[in-house]
Engineer: 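Would you mind keeping the following structure in view while I ask a few things?
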Amino acid sequence: MSDSQAKPGWFSSYVWSLDHKTIGIQFLVFSMLMLVFGLASSLAIRWQLAWPWTQMPVVGRALFPETGGVPTPEFYTVLFTIHGSVMIFFVVIPLLTGWLGNYLIPLMIGAGDMAFPRLNALSFWLMPPAAIAMLAGFWSEGGAASAGWTAYPPLSTSVTTTAGGAGGQTWWLVSITLSGIASTLGAINYITTIVKLRAPGLDWFRLPLTVWALFIAAILQLAGLPVLTAGGLMQLSDRLFETQFFSAQGAPILWQHLFWFYGHPAVYVVILPAMGVVSDVLSVHARKGVFGYRPMVYSMLAIAGLGFLVWGHHMFVSGMNPSIALAFQISTTLIALPAGVTVCHGLATLWGSRIRFTAAMLFALGFVALFVTGGLSGLWLTSTPVDVYVHDTYVVVGHFHYIVFGGSVFGLFAAFYHWFPKMTGRMMHEGLGKLHFAGTFILTSGVFLLMHQIGIAGMLRRTADPYVYESFAHLREPNLLITVSAILLALWQLLFFVNIAWSLRAGRRVGANPWQANSLEWEAASPPGHGNFSRALVVEAGPYEYQPSRTEGDNRPQARTISAP
Amino acid sequence: MRRVWALLFAAFAALVVASFVHAPERGWWLPEGKSSFAPSTDALIRTILWVMGAFFVLTLGLLVLFIWRQGDGSNAARSDKSSDHRLELIWTVVPAGVLVWLALTQMDEWKAMKFSTPGAGEPIAEVWASQFDWRMRHPGADGRLGSADDWESPYEVVVPAGEEVRLRLRSRDVIHSFFVPAFRLKQDIVPGRAISVWFTAEAGEYDLVCAELCGWGHYKMAGRVRVLPPEEYQAFVQRQNALQLSGAEVSGR
Amino acid sequence: MSLRSVLLALVGLLPAAGCGFQPGAAELAWGLSAKSREELAEAPQAQSELARLLEQNFGTPADPRFPPAPQGGLAELKPERRAALERDNQTRGLAADHYPTPLESAELYRVHCLHCHGAAGAGDGPTAASINPKPRDFRKGIFKWAAVKDKARPRREDLTTILENGVYGTAMHSFARLPVAEIEGLADHVRLLSVRGEVETLAVNHFKEEDELDEELFGEHIDTVWSRWQRAESKFIAWEGEIPSDSPAMRARGRELYLDARKGNCVQCHGDAGKGDGPAAWKINAKGKKELAYLDDWGFPIQPRDLTQGIYRGGARPIDIYRRIYAGINGGPMPGIGETKNSQGGPLVSSDDLWALVHYVRSIPEGAGP
């Protein structure tokens with residue numbers, strides 16, 4: 001708390017640190033490292049779809065000596081398996097819950113740290129072993145897991161049906177289970193912290209929407225993950241002890257129920273925090289309160305609640321009873337409603353506001369545009385007869401990438417640009433940030449937009465060479481466009497990393513509250529010291545009061561500091 | 001600057017709309033529908049596309065407008081409305097109405113697809129999926145599947161045009177999926193289960209595609225549905241039954 | 001380096017990335033087989049001479065050549081097949097006699113076959129590691145599923161039939177989606193690799209025995225191997241007219257032969273119920289564990305077919321099973337009984353009895369299947 005306290009050593013400052021901020025940043029760094037794998041595998045996928053069976057640049061010769069540098073079909077299955085698993089379990093979930101949750105929750109609720117700091121450190125330190133297990137697959141017999149991130153049995157449980165079936169698939173299960181345990185521990189911590197450690201006066205309905213969203217996401221994790229973990233252990237048992245849970249003699253479709261019971265709410269785990277962040281960023285940089293705060297909270301709660309009732313829409317063609325499909329169709333259609341309402345509130349927030357075009361604000365606006373696009377294309381997937389046609393086509397790929405990349409990742413960028421001054425005490429380069437936004441925004445559609453059309457044309461996901469079918473042979477041209485956009489999009493992200501590197505050293509130094517925002521984290525120093533707040537806080541207002549007044553700026557901070565003069 | 005950003009967002013919206021307008025011209029759109037399911041499925045896809053389009057244009061239009069208008073960054077007074085019940089009611093009830101209408105209109109289609117089980121008896125053929133092959137079993141002269149006079153055809157299933165055709169889907173190993181894009185028909189094939197599909201198709205040859213990841217060779221698990229006019233179909237079946245009892249070489253090409 | 005120059009460099013890179021890009025070609029080589037290199041380890045000069053002769057006669061993956069049929073196999077097609085090819089070409093809007101060049105065939109092989117069968121056809125492509133049964137090594141010239149007797153080389157039709165029908169129950173799936181011309185081109189290339197492999201082995205063996213290796217001799221080796229392939233047509237197992245029809249009596253007779261130790265004796269390997277669990281097929285190894293008794297010609301343990309599954313690799317028609325029983329399976333332990341003589345010099349098993357066996361075998365899956 002105070003400077004007189006003994007300075008912790010290097011190990012306990014940066015490695016086994018119990019400080020929520022350090023752990024949050026550990027999650028951030030870890031996920032960015034994993035992002036390299038996820039990104040590289042997606043570019044390799046795009047390479048194959050644009051120039052099938054040609055020598056892969058840079059890595060081709062080393063990886064595929066027997067084929068003269070050309071990727072093999074089994075490696076392609078590894079690529080999309082690793083891309084999906086890494087991006088979901090090691091990039092977006094850890095960023096949105098691990099980084100944002102750890103870094104922001106205590107700061108935004110005026111607490112000194114998390115409720116369970118040791119549990120918190122453990123939840124992070126389970127992640128590197130989980131990641132190592134995922135990558136260990138590459139060195140096991142037969143190579144890494146290759147049954148898709150959904151790992152449908154019996155493909156995934158048999159040791160002979162995939163190349164990675166020999167060992168990689170077991171490592172994959174170990175990895176997913178470890179990361180699931182990590183997320184569960186984190187969720188317990190977030191929930192407890194928000195329930196128990198709010199600053200005096202910080203009622204539930206004075207919480208910033210980011211905190212609400214993280215709270216709801218944590219509940220989703222806590223309720224959903226045990227199901228996935230149980231399913232994973234059953235798969236492990238099928239693989240190692242020859243049980244028959246999911247074999248042809250058992251119930252292959254049972255896994256799909258268990259997987260999607262978590263797998264679909266997981267989408268909301270990655271979208272709700274982004275939604276919360278975007279609401280806050282919109283409010284701060286538009287200098288206006290969030291429109292309809294309570295309806296927003298209720299909408300997010302409705303999304304979470306309905307989120308557990310819609311998993312069956314992943315299984316319309318699985319052979320599930322068609323009557324059940326009708327029920328899932330209705331619940332899925334209904335979930336579009338609260339999602340749409342949040343967008344309306346976002347727009348209404350802008351109405352009558354005074355927008356400052358910061359990089360954070362632009363990414364938040366980009367989130368609105370892209371989330372709307374991806375959300376609307378989801379309408380096709382709610383419809384059972386249409387889903388029979390578009391299931392497992394690129395429509396699905398386009399749709400969820402708009403949500404996860406256009407939605408979650410844009411939310412993450414907004415969060416990064418918004419809270420970077422808080423994390424480092426320095427501003428990011430705004431011009432560079434805006435340039436980063438403009439290119440990323442347009443190229444995102446370059447990559448994911450045409451996927452809808454080629455999906456409607458019938459092109460399937462997870463095929464190494466769709467052009468073997470006469471029906472799809474004419475789709476190479478749009479795929480080429482997508483691939484070129486993807487390469488450009490990846491290169492464009494260099495701007496982001498250049499910006500980080502530059503800003504860390506030369507960014508303008510800032511005080512506690514560079515954005516003139518209201519919520520509690522801006523009361524702490526930038527970066528906040530150990531224990532976060534140097535003075536006790538009493539909360540007197542909600543986080544969304546912006547109006548020009550005669551005396552100072554246009555904002556009204558949430559807290560009154562007790563010992564202030 | 002606000003104009004630049006407003007234009008960027010407008011450009012994005014234009015890009016999205018243009019892609020859907022131009023894609024059909026380039027052939028990046030629905031393949032020609034050739035089964036009785038196709039017209040209603042396609043109509044539904046278009047209806048939903050129009051709904052999406054309307055919401056998209058409305059939302060993006062407002063977004064662009066607000067960016068254009070509200071982006072002066074000045075310190076002028078804000079709208080202090082933090083809620084508006086009438087507005088909230090409108091943007092809840094109107095989409096809800098549209099969504100419920102959408103959900104209800106497609107029920108008939110689903111019913112036609114899934115609840116109109118055709119008559120009992122043997123299916124026209126059994127479609128066996130295995131890594132990474134389609135193998136069709138036809139009942140042979142005795143009209144019964146599972147007897148020694150069944151005949152097998154690799155790759156291709158031959159069915160009559162213009163009448164309801166039922167196929168029984170079986171898998172030998174992992175989950176596969178029977179997908180004929182031209183029929184708008186897709187059904188997973190689950191090992192340990194026999195799932196039937198039915199359709200009424202026009203004469204022609206259509207790609208049969210495996211739509212569920214089934215291993216490294218998933219991408220080349222290609223098959224074909226050949227739909228013959230009924231007389232030709234009868235002749236074909238006669239010929240195949242006879243071929244079982246001869247030593248003649250056949251390539252089927 | 002200023003921020004501005006980094007930006008300018010980035011912006012400059014982008015258009016360059018998109019325009020007129022051509023990906024790199026696969027870098028492949030056939031080279032000598034591992035076995036040849038081992039056998040000629042003491043004679044490096046012979047190694048390089050052999051490599052040179054192979055390249056001179058058969059070219060490289062980027063410039064393949066096949067001395068016996070330099071233009072490919074178009075001229076070898078039988079009339080019906082030729083007609084099918086022309087029909088198929090025309091429906092695709094191609095010239096009626098369109099046919100892939102040797103290089104185009106090699107490219108088709110590279111895309112469709114190489115990842116399992118390997119560049120030189122040794123069955124050692126990268127995918128082979130995750131496949132069981134293993135992909136065929138073409139270089140021995142032995143093909144299991146052919147309608148020929150006396151362990152002859154396959155006919156052209158045998159290769160294209162496998163390409164179009166696949167080998168059911170293995171990773172060799174049907175390639176019937178490919179145009180007829182491409183199927184024929186692939187058959188050409190498989191034959192090229194097979195003949196090349198046989199010639200290589202012949203040359204190595206000859207060198208080991210006679211210490212000779214030169215251009216003329218190499219040409220003779222090619223002729224020797226090619227004459228084996230040319231004999232295939234005369235080894236075809238034909239069946240004219242109607243097949244004796246299936247009946248309970250036939251099946252009963254077939255069952256007798258299946259069990260008869262002097263005639264069919266199928267039970268020894270395929271087992272009483274046909275599950276492939278007969279006593280001769282398995283042995284107890286030194287560790288007391290049950291393991292397969294036979295290896296095939298490629299050195300892999302081989303299991304007798306489980307006849308209850310109704311999965312027949314070489315085709316499921318009665319005539320296919322007939323040919324299997326008649327001639328056995330080249331490359332494996334399954335013997336043929338079609339031309340075995342009895343003590344009086346007559347056929348051991350009459351053709352009616354062979355058909356009885358066929359009908360019995362094909363009846364096994366009835367009621368046994370899933």
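In what follows, chains carry the letters A, B, and so on, assigned in the order in which the sequence lines appear, proteins first and then strands, with residues in each chain numbered from 1.
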Engineer: What residue, out of A:Glu74, A:Met361, A:Gln453, has the most heavy-atom pairs lying under 4.5 Å from chain B?
Structural biologist: A:Gln453
Engineer: With a cut-off of under 6.0 Å to the ring centre and 45° to the axis, is B:Arg184 in cation-pi contact with A:Tyr389?
Structural biologist: yes
Engineer: Between B:Leu169 and chain A, which part of the residue has a heavy atom less than 4.5 Å away: side chain, backbone, both or neither?
Structural biologist: neither
Engineer: Among A:Gly292, A:Ala348, A:Gly346, which has the most heavy-atom pairs under 4.5 Å with chain B?
Structural biologist: A:Gly292
Engineer: Is B:Asp84 in contact with chain A via its backbone, its side chain, both, or neither, using a 4.5 Å heavy-atom distance?
Structural biologist: both
Engineer: Chain B heavy atoms under 4.5 Å from A:Leu450: which part of the residue, side chain, backbone, both or neither?
Structural biologist: side chain
Engineer: Both conditions, 6.0 Å and 45 degrees, for the charged tip of A:Lys288 above the ring of A:Tyr546: are they met here?
Structural biologist: no
Engineer: Under a 4.5 Å heavy-atom cut-off, does chain A meet the side chain of B:Ile195, its backbone, both or neither?
Structural biologist: side chain
Engineer: Heavy-atom distance under 4.5 Å to chain A: side chain of B:Leu60, backbone, both or neither?
Structural biologist: side chain
Engineer: With a 4.5 angstrom heavy-atom cut-off, which part of A:Leu365 approaches chain B: side chain, backbone, both or neither?
Structural biologist: both
Engineer: Using non-hydrogen atoms and a 4.5 Å limit, figure out which bit of B:Gln187 sits close to chain A: side chain, backbone, both or neither.
Structural biologist: both
Engineer: Given a strict heavy-atom distance threshold of 4.5 Å, which part of A:Val78 is in contact with chain B: side chain, backbone, both, or neither?
Structural biologist: neither
Engineer: Just give me the residue among A:Val368, A:Val386, A:Val468 that pairs up with chain B most often, heavy atom to heavy atom, under 4.5 Å.
Structural biologist: A:Val386
Engineer: Top residue by heavy-atom pair count (under 4.5 Å) with chain B, among A:Glu545, A:Met315, A:His285, A:Glu477?
Structural biologist: A:Glu477
Engineer: Look at the aromatic rings of A:Tyr469 and A:Phe472 and report parallel, tilted or perpendicular, splitting at 30° and 60°.
Structural biologist: perpendicular
Engineer: Let me know if B:Arg69 has heavy atoms under 4.5 Å from chain A in its side chain, its backbone, both or neither.
Structural biologist: neither
Engineer: Which bit of B:Leu208 is near chain A, if near means a heavy-atom gap under 4.5 Å: side chain, backbone, both or neither?
Structural biologist: backbone
Engineer: Identify the two heavy atoms, one from B:Pro191 and one from A:Pro154, that lie closest to each other, and give their separation to 0.1 Å.
Structural biologist: CG-CG, 3.6 Å
Engineer: So which of A:Ser445, A:Gly458, A:Gly289 has the largest heavy-atom pair count under 4.5 angstrom toward chain B?
Structural biologist: A:Ser445
Engineer: At a heavy-atom distance under 4.5 Å, which candidate from A:Thr160, A:Thr162, A:Thr77, A:Leu337 has the highest pair count against chain B?
Structural biologist: A:Leu337
Engineer: With ring centroids as reference points, do A:Trp380 and A:Tyr394 lie under 6.0 angstrom apart?
Structural biologist: no
Engineer: Contact part of B:Trp110 toward chain A, heavy-atom cut-off under 4.5 Å: side chain, backbone, both or neither?
Structural biologist: both
